[in-house]
Amino acid sequence: MKILIVAKAGNRNTFVLNLKDSLSTFAQVDSSIDGFWNGSKDYDIIHFQWPELLSFMISRRSFSPNKYRLKKITSRLKYWKEKGTKLVITRHNIFPHHSSSNYEKLYKIIYQHVDGVIHLDSFSQDDFFMRYPSFNTKHAIIPHGWYDNITNDCTEKEARLFLKLSDQTFVVLAFGAIRNQAEEQMLFESFDKLPMKNKILLIPRGYFSNENLIYRLMNFLNLKAYQHILSSKAKKLAKKGILWSQSFVPENHIQYYFNAADILIIPRINTLNSGNVPLGYTFKKVVVGPNTGNIGSILEETSNPTFDPTNIDSITNAMLMGQKLSKKMWGEENYQFAKKYWSWKDIGNQHHSFFQEILSQ
């Protein structure tokens, strides 16, 4: 079996790399975006991840496709279909985080042409049927794998020493990029209402006008004025117990943030999936997240606290419940769940079965 994953492996999110490794146990696997556009190989399966990767890309950011780009994508999909290649997509998002009407058209075009859709949990499948009731496509639910390949050999004490945090502090970690001001403000307000003195909110990659092109240019050029603005915001928040920055955490430092934390919070308002759920479970953390999308269904299934993103008190109460569960070592239960159901070996086998089903059509 020959497979093309339409994404680059080894980027900041190791999902694609782990997926490629798991599929390589039964197939020859390439991973690239260029392979979709210019590849001349004969593939049995082309496996899409994020449709926006087919749009215009500058650095790691995609921009909304125009009608000519949409036409070009449609033409290329038909090319592969005519070659007899089967097309499959893993549904990571309902739409991109910076969506537009043309992005919605792009997603619909992909779904109209694929032979199979992989969902990371049942909520996604139900939502798909509601949005696209007329699409005749095969479906499978295959979970997001865990992150057992990330270094994890430091203790909580060592992690807190590394981050200069007190042993007596209740530490809430919000890992990954905060995508918009509403998410960040929601997080600030709910944390502020936590009824305790010794508390710290860790935000390694906070939000700061990330969609503003002027700020993005200033950041790209590493201008001192931009760094001053970031530093000013960080200093103000530090007075409230919020350790905020816009730093990318290298993979070998991820363990310090997770092992220093008491709980992990996913500050999303309306998001389908988050790799932070399996990441948190891998590091034996209680995970607090919104009661929406696959995030909510997984957390509720595993008895982790969920909240209503529109209710600040609900978020604060979920953090307090997370604190209680962390004292009861519920993070160990999460780890055992991930080990049992989210191993990449099992996920590779599930993909193999689904691909064989698609190829037999």
Between Arg268 and Gly289, is there a donor-acceptor pair closer than 3.5 Å when you use the side chain of the first and the backbone of the second?
-> no

Do the side chain of Glu82 and the main chain of Tyr79 share a donor and acceptor less than 3.5 angstrom apart?
-> no

Kindly compute the distance separating CD1 (Ile295) from CG (Asn276), expressed to the nearest 0.5 Å.
-> 8.5 Å

May I ask you to say whether Asp127 pairs ionically with Arg91, meaning some side-chain N is under 4.0 Å from a carboxylate O?
-> yes

Is Asp42 paired with Lys2 through a side-chain N to carboxylate O contact shorter than 4.0 Å?
-> no

Do the side chain of Asn102 and the main chain of Pro65 share a donor and acceptor less than 3.5 angstrom apart?
-> yes

Sole residue of Leu299, Ile298, Ile315, Thr292 in side-chain contact (heavy atoms from CB on, under 4.5 Å) with Thr306 = Leu299

Is there a donor-acceptor pair closer than 3.5 Å between any side-chain N or O of Ser326 and the backbone N or O of Val286?
-> no

Indicate the atoms forming the closest heavy-atom contact of Ile265 with Pro267, along with that distance.
-> O-CD, 3.3 Å

Are Val29 and Ile142 connected in the hydrophobic side-chain network, where two residues link if heavy atoms are under 4.5 Å apart?
-> yes

Under 4.0 Å between a Lys/Arg side-chain N and an Asp/Glu carboxylate O for Asp30 and Lys41?
-> yes

Test: Lys81 and Asp115 ion pair at under 4.0 Å | yes

For Leu187 against Ala174, the heavy-atom pair lying closest together = CD2-CB, 3.7 Å

Do the side-chain N and O atoms of Ser32 and Asp34 include a donor-acceptor pair separated by under 3.5 angstrom?
-> no

Here the pair of heavy atoms bringing Arg69 nearest to Leu54 is NE-O, 3.0 Å

ILVMFWY network linking Leu53 to Ile118, side-chain heavy atoms under 4.5 angstrom = yes

Any luck finding a side-chain donor-acceptor pair between His47 and Gln49 under 3.5 Å?
-> yes

Ring pair (Phe, Tyr, Trp, His ring centres under 6.0 Å) with Phe128: which residues, sequence neighbours excluded?
-> Tyr111, His119, Tyr132, His139

Could you pull out the closest heavy-atom pair between Ile141 and Gln350, with the gap in Å?
-> O-OE1, 3.8 Å

Checking side-chain contact (heavy atoms from CB on, under 4.5 Å) against Leu23, which of Gln28, His351, Met1 comes through?
-> His351

Could you tell me which residues satisfy salt bridge (charged side-chain N to carboxylate O under 4.0 Å, His left out) with Asp313, sequence neighbours excluded, listed by chain and number?
-> Lys193

What's the shortest heavy-atom distance between Asn93 and Trp50, and which atoms?
-> ND2-CD1, 3.5 Å

Of Tyr281, Tyr335, Trp342, which is the lone residue that meets ring pair (Phe, Tyr, Trp, His ring centres under 6.0 Å) with Trp146?
-> Tyr335

Main-chain N/O of Phe355 paired with Lys86 side-chain donor or acceptor, under 3.5 Å | no

Using the rule that two of Ile, Leu, Val, Met, Phe, Trp, Tyr join whenever any of their side-chain heavy atoms come within less than 4.5 Å, decide whether Phe129 and Val88 are in one cluster.
-> yes

Arg160/Asp262 under salt bridge (charged side-chain N to carboxylate O under 4.0 Å, His left out): CA gap, chis, key distance, verdict = CA-CA 11 Å; Arg160 293 199 173 197; Asp262 291 289; 3.0 Å; yes

Minimum-distance pair of heavy atoms, taken over all atoms of Gly116 and Ile358 = CA-CD1, 3.9 Å

Run the ring-centre check on Tyr256 versus Phe162 and record whether the distance is less than 6.0 Å.
-> yes

Ring center gap for Tyr207 and Trp244 short of 6.0 angstrom = no

Does a donor on one side chain and an acceptor on the other come within less than 3.5 Å for Asn152 and Tyr147?
-> no

Rounded to the nearest 0.5 Å, the CG atom of Asn198 sits from the CG atom of Leu194 at a distance of 12.5 Å

Determine whether the side chains of Ser343 and Asp346 contain a donor N or O and an acceptor N or O closer than 3.5 Å.
-> yes

Is the closest side-chain donor-acceptor distance between Asn252 and Thr151 under 3.5 Å?
-> no

Measure from the ring center of Tyr257 to the ring center of Phe283 and say whether it is less than 6.0 Å.
-> no

Would you check if there is a donor-acceptor pair between the side chains of Asn18 and Asn149 at a distance under 3.5 Å?
-> yes

Report yes if the distance between the aromatic ring centroids of Tyr341 and Phe337 is under 6.0 Å, otherwise no.
-> yes

